[in-house]
Amino acid sequence: MVAATNYPLYVVTASADGQRSGCVAGFVTQSSLKPIRFLICISRVNHTFAIAEKSEGLALHLLGADQRDVASLFGEQSGDEIDKFERVRWWEGPEGVPVLSECAAWIAGRVIDRMSAGDHDAFLITVTDGGAGTHQGRFTLRDAGDFEPGHPE
């Protein structure tokens, strides 16, 4: 049943203690209208998790349908081995988190809570900024069906 689902994939980014990191996130949902809040789940084995734990905020980027290369970089490469941000254009956004210059849309917000969600932790953010990007459509789970995760199992 789960294999039949399809949903957008995002890139979540974090920054703390002079380090930055980012990874693909599929377990994401808006959780409140007033105030606007999102729940973003990050795998505990992912390099980004350790940075997100200490980060004041997170940025979330919806990838356009044509952004397979960015999805591959943030999904199949590990921040333990490379600096992904040397390979993309970005700027420092709210709470000091990296915001990708190329995406379909982005939001950033302050982390206000964190909880266990199984093998991922769920980070609750209050959105403080965001905007539309230049890419159209959305990159989905099915588009990444042949990806190999960059983090250890």
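This chain uses plain numbering: 1 for the first residue, then up along the sequence. When reading the values below, keep in mind they use all heavy atoms of this one structure, side chains included, and skip hydrogens, waters and symmetry mates.
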Contact check, side chains of [X] and [Y], non-hydrogen atoms, under 4.5 Å:
X      : Y      : value
Thr140 : Tyr7   : no
Cys23  : Phe74  : no
Trp91  : Ser101 : yes
Arg20  : Asp83  : yes
His135 : Cys103 : no
Gln77  : Ser72  : no

Quick one: does [X]'s side chain have a donor or acceptor within less than 3.5 Å of a partner on [Y]'s backbone?
X      : Y      : answer
Arg68  : Asp143 : yes
Glu76  : Leu73  : no
Thr48  : Gly22  : yes
His61  : Tyr10  : no
Arg138 : Ala104 : no
Lys54  : Asp17  : no
Ser55  : Ser15  : yes
Trp106 : Leu100 : no
Asn6   : Arg142 : yes

CA sep, side-chain torsions, deciding dist, call: Ile82, Arg87, side-chain contact (heavy atoms from CB on, under 4.5 Å):
CA-CA 10 Å; Ile82 67 166; Arg87 299 171 182 191; 3.4 Å; yes

Nearest heavy-atom neighbours spanning [X] and [Y]:
X      : Y      : value
Ala144 : Phe139 : CB-CE2, 3.7 Å
Gly93  : Val99  : CA-CG2, 3.8 Å
Val11  : Thr13  : CG1-CG2, 4.0 Å
Phe123 : Arg114 : CE2-CD, 3.1 Å

Please tabulate, for the side chains in residues 24-35, all donor-acceptor contacts under 3.5 angstrom to protein atoms that are two or more places apart in sequence or on a different chain.
| residue | atom | partner | partner atom | Å |
| --- | --- | --- | --- | --- |
| Gln30 | NE2 | Ser32 | O | 3.1 |
| Ser31 | OG | Arg37 | O | 3.4 |
| Ser32 | OG | Pro35 | O | 2.6 |

State plainly whether one hydrophobic cluster holds both [X] and [Y], where clusters connect Ile, Leu, Val, Met, Phe, Trp and Tyr through side-chain heavy atoms under 4.5 angstrom apart.
X      : Y      : value
Ile125 : Ile36  : yes
Phe38  : Val111 : yes
Leu60  : Val127 : yes
Leu62  : Val88  : no
Ile42  : Val45  : no

Rounded to the nearest 0.5 Å, what separation is found between the CG atom of Leu141 and the CG atom of Leu9?
5.5 Å

To the nearest 0.5 Å, what is the distance between OG1 on Thr126 and CG on Asp113?
10.0 Å

Verdict with supporting geometry, Thr134 and Glu102, side-chain contact (heavy atoms from CB on, under 4.5 Å)
CA-CA 7 Å; Thr134 57; Glu102 299 288 326; 3.4 Å; yes

Just by distance, no angles: are the side chains of Ser21 and His47 close enough, under 3.5 Å, to form a donor-acceptor pair?
yes

